[in-house]
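What follows is a single structure, written as structure tokens, with notes after it.
Below, chain A is the first sequence line, B the second, and so on; all start at residue 1.
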Amino acid sequence: MDYNFKEIEKRWQQYWIDHQTYKVTEDNSKPKYYVLDMFPYPSGAGLHVGHPLGYIASDIYARYKRLQGFNVLHPMGYDAYGLPAEQYAIQTGQHPAITTEQNIQRYREQLDKMGFSYDWSREVRTCDPEYYKWTQWAFVRMFHSYYCNQSKKARPIEELVESFTQQGTKGLDAACNEPLEFTADEWSRKSEKQKQEVLMNYRLAYLGDTMVNWCAELGTVLANDEVSEGFSIRGGYPVVQKRMRQWCLRVSAYAQRLLDGLEEIDWSDSLKETQRNWIGRSEGAVMHFATSEGMGFDIFTTRADTIFGVTFMVLAPESDLAEQLTTDEQREEVQEYIERSKMKTERERMADKSVSGVFTGSYATHPFTGEPLPIWVSDYVLAGYGTGAIMAVPAHDSRDYAFAKHFDLSIVPLIEGCDISEESFDAKEGVMMNSHFLDGMTVEQAIPAAIDEVEKRGVGYRKVNYRLRDAIFSRQRYWGEPFPIYYKEGMPYTLPENELPLELPEVDKYLPTETGEPPLGRAKNWKTMEGYPLEMNTMPGFAGSSAYYLRYMDPRNEEALVSKEANGYWRDVDLYIGGTEHATGHLIYSRFWNKFLYDLGVSCEKEPFKKLVNQGMIQGRSNFVFRVQGTNCFVSYNLKEGYDVTPIHVDVNIVHNDVLDIEAFRNWNPEYQDAEFILENGKYICGWAIEKMSKSMFNVVNPDDIIDRYGADTLRLYEMFLGPLEQSKPWDTNGIDGVHRFLRKTWSLFYKGGKLLVSDDEPTKEELKAVHKLIKKVSHDIEHFSFNTSVSAFMICVNELGALKCHKRSVLSELVVCLAPFAPHIAEELWYALGNQTTVCDARWPVWNEEFLKEDAFPYAISFNGKSRFVLEFPADATREEIEQVVLDHENSKRWIGDKTVKKVIVVPKKIVNVVI
RNA sequence: GCUCGGAUGGUGGAAUGGUAGACACGCAAGACUUAAAAUCUUGUGGCCAUUAUGGCUGUGCGGGUUCAAGUCCCGCUCCGAGUACCA
């Protein structure tokens, strides 16, 4: 009986389904462990060989933990709402639910073939009403919450109403869009609508006028993390800034907690750093600058120490201040400039590094010297950060410097000895000058001293600013969660919780309506709330993925997102595996979402993902053929010098080890039917390059094909063997034979010619050593996610046992259990062959015994002055003195020592004897 | 510009400061075979030797610490990823 992976894998996959092997329930007698993959968006293209990398790693870890006796939660589901299905629907009229369902089927088929140990009874789909009921529920709760800065947590909005009724805004410290002030009396006199407007200023889910990323091609707004360099991440369409009224989540209220939380989680430094940058905490001061009309405005600065170097002020074109402060003489020019910058896309604005701006005609007063400072408008100041206005210190800020040089504004240096003839001096170091009371201080001392003075004079205050902005939460799209919101007199109200879920209605087309409303405006017979209209926007992609890890704990609960019991048992994700692309999107939003639910008492942990591992990307390895210019003749890679050739991408599936399958190539494309070839050694060798894995490069490798050819166990092992998990690496099918060969060798330890070889003889010392070396190495490697070296360890062990002709049950049992997380199908089969009646999943992870690993004699490298010369063997228990003596008496040593004197002999335990001469 | 990674044979990659190149691919030679494939055995960083348990050299570049450096420290070069008018 040969290693028939096809039959084995099919049979055990069926066994696992029939016996519900991987179903888990809460079990207080066992410690829990939660291993989670970032759930996939089921795209129409199916999985390629790069997708399962993280899933394989997490499956190995989950199986390992299970063998160690943990109760392991290892679920899977689908992030099923998304743009591609909707774009496809617009083109074809096909309902996105149908394409999504088909894609999910396809994904499931592919995933099942890989032998993952998911508990599919816990599957969730974000587009399932039973699931999104809880997405809507959380939104409703956010709507009815505000953030109290004193208690640093979300509180019910009713408490705020109560406080307004009692004392107005007195003593209020809450996160808001703009600070408001009114008395209890004024509050009570407000109309219902006015009260709602005030509350909107504080809600955690609020309707706000903000600058949004508008993507005309997609017909919707996008969050910051959905835009890269002025283009939408999905589709790559241009994005422009636009002021619109949109649903927002007050993520910014949680900025400090999101920052602090990073300290207590086990994520990579680079990912934490990315999040820190995204949150962008900066300490500084807000300062008030009065204008000539007796008005004024605030600016934010981190460099309060440079206050005496301010020579002008700059406003963002989008800022309301720009129009307010413009004098009549300048109005036309300023208006024109503002219009012009509005027209620019984000992309153009970034690409255009040239200096532009226009003078408003008005002046601000320097808060210390009283000097007039001209106020300019320029697009290098952003409306969205700080207050949308800056004090310009050209000597010590490169952007202000460029602006000052361009418009010939004065530049005052403030640091002794700095050279500002060519560029500004931006470093926060040196000794202050030209700065009155700050003169002689270092920058480090001057910053707090300046702020102290600012506060003393009442012209400003200390302020911590965050770059993190509120998440824009509406999409003018069809395929997403509807908002459980209706409008009464123009103000939004939530649907009662017992009416959830508000299901997504059918529409005749997936395009906006003729009047420009989102596609939901087309819904006929959609339920209404007492005749009031419903919100027509839908929620963004990250809505459904923000709390899915909680839902897996208790996926069929109809009363709550997750029960107290289930949440109390599973608590948080112990290991989360996924790509870095979610660093500033999903991983921020779900941390925020969890913290909100923590404030509500729904989630019992402050951080959702205790440990996070980012698997690297698997790139494609493209193959090329070289067509001789103007002919249908192709020249082999090493002969192409001397020909004028055009490299052409060729499907990697008709190339094996860079050798082209010529027949397959002829059939691949009618164009090549009569192609001729210039061969080397009778073969056509292709060129290659590392590129992104994509259809257009013909380098997509489908896991189904690999499984068909080698089996899932080989694919699993090979993906791990490819290199370190966290590193990006190209897929290269060359080499997979080695891993497959290893499995066949393992098989041959059990069977020869269809006969089972297993015996019950006592294992020898060598055999025990071989297998215990493996147990130790693999245990250690799995803990450190070093799966590639584990695979090597298996190969060494099997080679050793093969050489020893070891077919002993006790030794092979331990080998099989170690192999089970990596190659579960063959492990099951061999476990059964060993006479076990249960599945290998019920086995226990073996523990190595150091006794078996001890050496009788140990080789020491003998080196002179650090250069190794030869090797001597000593008994394992040899003392340092004995070793020294033998070394000094040894003939070879005399050769090296000669007539020189020995200064020192250093015996490094178990490794080296170094003789210093 | 800033932040974080990385640089080791023909290739992917191993090395708690302690015999660099594990393991695998590829390549070469041999065995089996009418032949090929598959399989097995041996060799494989480079240079020089080969009458052998031989010599020299070697982890991007330049310094340093150490008995000992791929590994630690300082200064560069190059590559990759992320991020950016963030005041």
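By the 4.0 Å N-to-carboxylate-O rule, A/Glu850 lies too far from A/Lys854 to be salt-bridged with it. Using a cut-off of 4.0 Å between Lys/Arg side-chain N and Asp/Glu carboxylate O, A/Lys773 and A/Glu800 are scored as salt-bridged.
Spacing between atom CZ of A/Arg467 and atom P of B/U3 amounts to 16 Å, rounded to whole angstrom units. The nearest whole Å value for the distance from the CG atom in A/Asp379 to the C1' atom in B/A87 is 15 Å. Per the geometry, NE2 belonging to A/His740 stands 12 Å off C1' belonging to B/A38, to the nearest Å. One atom, CD of A/Gln619, and another, C1' of B/C79, lie 13 Å apart when rounded to the nearest Å. The CG atom of A/Leu722 sits 19 Å away from the P atom of B/C23 (whole-angstrom rounding). Atom OH of A/Tyr385 and atom P of B/C85 are 12 Å apart (whole Å). The nearest whole Å value for the distance from the CG atom in A/Leu315 to the C1' atom in B/A87 is 13 Å. Rounded to a whole Å, the CG atom of A/Asn734 is 17 Å from the C1' atom of B/C23.
Among the heavy atoms of the strands, none lies under 4.0 Å from A/Lys272. Within 4.0 Å of A/Asn277, counting heavy atoms only, lies no atom of the nucleic acid at all. As judged by a 4.0 angstrom heavy-atom cut-off over every strand, A/Ile796 is placed among residues touching the sugar-phosphate backbone only. Nucleic acid contact class of A/Ile390 (heavy atoms, under 4.0 Å, all strands): base. Residue-level contact check: A/Asp269 touches neither bases nor backbone, having no heavy atom under 4.0 Å from any strand. Nucleic acid contact class of A/Pro724 (heavy atoms, under 4.0 Å, all strands): sugar-phosphate only.
A residue-by-residue look at A/Ile906 and A/Asp400 shows that A/Ile906 has its nearest nucleotide of RNA chain B further toward the 5' end. The 5' end of RNA chain B is approached more closely, in terms of each residue's nearest nucleotide, by A/Ser270 than by the other of A/Ser270 and A/Thr580.
Across every strand in view, B/G12 sits in a pair with B/C23 that passes the Watson-Crick or G-U test at under 3.5 angstrom. Across all strands shown, B/U51 forms no Watson-Crick or G-U wobble pair with both distances under 3.5 Å. Across the strands present, B/U33 finds no partner; the criterion is a Watson-Crick or G-U wobble pair with both atom distances under 3.5 angstrom. Nucleotide B/A7 forms a pair with B/U77, judged by Watson-Crick or G-U wobble geometry with both contacts under 3.5 Å. Applying the Watson-Crick and G-U wobble criteria (two distances, each under 3.5 Å), B/A38 pairs with nothing in any strand. Base pairing of B/A68: no nucleotide in any strand meets the Watson-Crick or G-U wobble criterion (both distances under 3.5 Å). B/C56 is paired with B/G46 under the criterion used here, namely a Watson-Crick or G-U wobble arrangement in which both key atom distances are under 3.5 Å. With a cut-off of 3.5 Å on both pairing distances, B/C85 has no Watson-Crick or G-U wobble partner at all.
Across B/G17 and B/U71, the matching C1' atoms stand 7 Å from one another, rounded to whole Å. B/C56 and B/C2: their C1' atoms are spaced 46 Å apart (whole Å). Here, B/C72 and B/U59 have their P atoms 16 Å apart, quoted to the whole Å. Remark: the separation of the C1' atoms in B/G46 and B/A84 is 45 Å, to the nearest Å. The same atom, P, is picked in B/C47 and in B/G10; the two are 10 Å apart, to the nearest Å. Taking atom C1' in both B/C61 and B/U11, one finds a spacing of 24 Å when rounded to whole Å. Comparing B/G26 with B/A52, their P atoms are spaced 33 Å from each other, to the whole Å. B/U8 and B/A22 are spaced 16 Å apart, taking the P atom of each and rounding to whole Å.
Phosphate proximity of B/A24 to A/Arg741: absent, as no side-chain N or O sits under 4.0 Å from OP1 or OP2. Under 4.0 angstrom from either OP1 or OP2 of B/G13 there lies at least one side-chain N or O belonging to A/Gln727. Contact annotation: A/Arg399 reaches the phosphate of B/C86 (side-chain N/O to OP1 or OP2, under 4.0 Å). For A/Asn799, a side-chain nitrogen or oxygen approaches OP1 or OP2 of B/A24 to under 4.0 Å. At B/U39, one or more side-chain N or O atoms of A/Arg744 fall inside 4.0 Å of OP1 or OP2 (strictly under the cut-off).
Judged by distance alone, the side chain of A/Ser319 and the main-chain N or O of A/Leu315 form no donor-acceptor pair under 3.5 Å. Remark: the backbone N or O of A/Asp298 is paired with a side-chain donor or acceptor of A/Thr387 at under 3.5 angstrom.
Ring centroid separation for the pair A/His740 and A/Tyr718 does not come in under the 6.0 Å cut-off.
Within 6.0 Å of CD on A/Glu423 lie no more than 12 heavy atoms contributed by other residues, nucleotides or ligands.
Distance from the side chain of A/Ser792 is smallest for B/C23 among the nucleotides B/A15, B/C23, B/A87. Relative to the side chain of A/Leu382, the nucleotides B/A24, B/G13, B/A87 differ in distance, and B/A87 lies closest. Of the candidates B/A22, B/A87, B/G18, B/G18 carries the atom nearest the A/Ile912 side chain, counting heavy atoms from C-beta on. Among the nucleotides B/U19, B/C67, B/C86, the one closest to the side chain of A/Arg469 is B/C86.
Between A/Phe407 and A/Phe403, the ring planes lie tilted relative to each other; the angle falls in the 30° to 60° range.
To the nearest 0.5 angstrom, A/Asp305 atom CG is 4.5 Å from A/Ile447 atom CD1.
Base orientation for B/G9: syn, the chi torsion being within 90° of 0.
A/Arg467 is listed as a side-chain neighbour of A/Tyr385, based on a closest heavy-atom distance under 4.5 Å.
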